[in-house]
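Here the structure is laid out as structure tokens; the discussion comes afterwards.
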Amino acid sequence: MIWLDGVLVSPGSRSLHGERILRGHRVWDPYRSKLAALAHLGHEVDLPSSLRVLYLGAAHGTTVSHIADYVECVYAVEIAPRPMQDLLSLARQRENIVPVMGDATRPGEYAPFLERVDLIYQDVASPRQAEIAAAHRVFLEEGGTLILMVKTRSIDATADPDAVTRQVTGALASCYRVKAVVPLEPYHRDHRALVCEGVK
Ligand code: SAM
């Protein structure tokens with residue numbers, strides 16, 4: 001990841017979502033992107049140019065576009081039609097974004113359009129987070145990484161966030177080992193990032 005004078009950026013000289021351009025780079029706002037927040041909290045993710053990424057819950061493509069500034073290819077899955085329109089228009093401008101309209105709880109429906117990837121980034125704000133991550137383990141290369149953004153309140157609005165996180169971590173155990181759990185305050189309330197590696 002690239003920092004210019006303490007500001008996280010991605011290598012693109014044209015603003016896509018109104019973000020500031022700093023010395024020919026797009027400023028990557030930690031309040032708008034949980035992956036940028038994770039980096040600001042000391043957990044930078046390696047994004048080499050050869051990386052292939054599967055992104056679940058692409059929404060309007062804000063974070064997708066920054067990742068795509070760095071890497072070879074991003075497969076971007078989104079279920080909702082309105083954000084999908086923005087994602088399609090983004091993909092028309094960027095050769096390395098593959099938009100997939102699909103339901104992440106049913107990966108079999110879009111599996112033929114994917115290849116195995118080095119990084120799975122999941123931000124679907126669903127109560128079925130662990131189940132979705134497990135169903136996509138098959139797409140992760142050996143030694144690959146899963147970053148799972150957990151909105152604890154969308155899983156259980158009344159339970160203690162630590163208990164919800166432990167529940168998700170336990171449910172992942174057969175497919176992933178959780179290496180770090182990072183609360184995303186002050187950038188994103190009630191969110192935890194789980195940085196995981198695939199288990200064989
Ligand atoms: N990651 C985005 C970003 O940083 O720009 C924000 C993602 S937003 C919190 C969650 C997205 O997941 C929404 O756009 C929603 O439509 C999508 N989503 C929810 N359930 C889904 C599912 N089952 N399959 C695919 N996408 C889903």
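Note that the structure is predicted; figures quoted are calculated from it, not measured. FYI, the numbering just counts along the sequence from 1. Start at 1 and go down the list; that is how both ligands and their atoms are numbered.
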Establish, from distance only, whether the side-chain atoms of S174 and R137 form a donor-acceptor pair under 3.5 Å.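 Checked: S174/R137 side chains show no N/O donor-acceptor pair below 3.5 Å.
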Does a donor on one side chain sit under 3.5 Å from an acceptor on the other, for E78 and Y55?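 The answer is no; no qualifying pair exists.
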Partner set under side chain to side chain contact (heavy atoms under 4.5 Å, CB included) for D118, not counting sequence neighbours: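 So D118 forms a side chain to side chain contact (heavy atoms under 4.5 Å, CB included) with L51, R52, E141.
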Got a salt bridge between R20 and D29, using NZ or NE/NH1/NH2 to carboxylate O under 4.0 Å?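 No.
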Is there a continuous path of hydrophobic side-chain contacts, each under 4.5 Å between heavy atoms, that joins V98 to Y110?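 Yes, because V98 and Y110 connect within a single hydrophobic cluster, where side-chain heavy atoms sit under 4.5 Å apart.
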Under 4.0 Å from ligand 1, counting heavy atoms only: the protein residues, by chain and number: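 For ligand 1, the contacting residues are K34, Y55, G57, A59, T62, T63, E78, I79, A80, G102, D103, A104, D123, V124.
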Taking the side chain as everything from C-beta on, heavy atoms only, tell me whether P161 gets closer than 4.5 Å to R192.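 Heavy-atom side-chain distance check passes, below 4.5 Å.
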